[in-house]
Amino acid sequence: MTTNAARLVYDELSSPLQMHDDCEAVARSFPLIAAAPSLQYADFPQDVAKPEITITDAARRIADALQLHLD
């Protein structure tokens with residue numbers, strides 16, 4: 001198999017100025033950077049209750065057959 005050094009597998013790269021302009025256009029269209037959520041307790045004073053998980057009889061029978069312990 002011979003290779004031709006003049007033939008490129010991929011398209012030629014755009015100019016750095018054009019790539020920079022493309023990046024700025026994408027950044028304007030899709031704002032990816034947002035403020036991080038607060039980790040301060042004062043910002044979330046309410047206590048959120050954990051949801052109740054009910055285990056059906058069918059799930060209990062399957063767990064017992066697999067020797068899993070659902071306490």
Side-chain angles (χ1 to χ4, degrees):
M1 178 176 179
T2 61
T3 59
N4 185 356
R7 182 172 179 228
L8 297 176
V9 178
Y10 302 102
D11 290 336
E12 290 290 325
L13 294 175
S14 301
S15 70
L17 181 61
Q18 185 179 359
M19 288 190 285
H20 181 265
D21 291 342
D22 291 343
C23 290
E24 285 186 340
V26 170
R28 283 191 303 272
S29 299
F30 302 106
L32 300 177
I33 300 174
S38 173
L39 298 177
Q40 300 298 318
Y41 180 78
D43 294 335
F44 301 98
Q46 70 276 6
D47 187 21
V48 179
K50 293 182 181 178
E52 281 292 320
I53 299 174
T54 57
I55 300 172
T56 64
D57 290 337
R60 187 175 303 280
R61 285 193 303 272
I62 292 171
D64 289 342
L66 295 172
Q67 298 180 354
L68 301 174
H69 301 286
L70 298 177
D71 293 350

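The residues of the chain are indexed from 1 along the displayed sequence.
Counting non-hydrogen atoms of other residues, nucleotides and ligands closer than 6.0 Å to CD of Q40 gives a total of 12 or fewer. Surrounding CG of L66 are more than 12 heavy atoms belonging to other residues, nucleotides or ligands, all under 6.0 Å away.
In this structure, S15 OG and D22 CG are separated by 8.5 Å, a value rounded to the nearest 0.5 Å. The CZ atom of R28 sits 11.0 Å away from atom SG of C23, with the distance rounded to the nearest 0.5 Å. Between the CD1 atom of I55 and the CD1 atom of I62 there is a distance of 12.0 Å, given to the nearest 0.5 Å.
Transitive grouping of hydrophobic side chains (ILVMFWY, heavy atoms separated by less than 4.5 Å) keeps L17 and M19 in distinct clusters.
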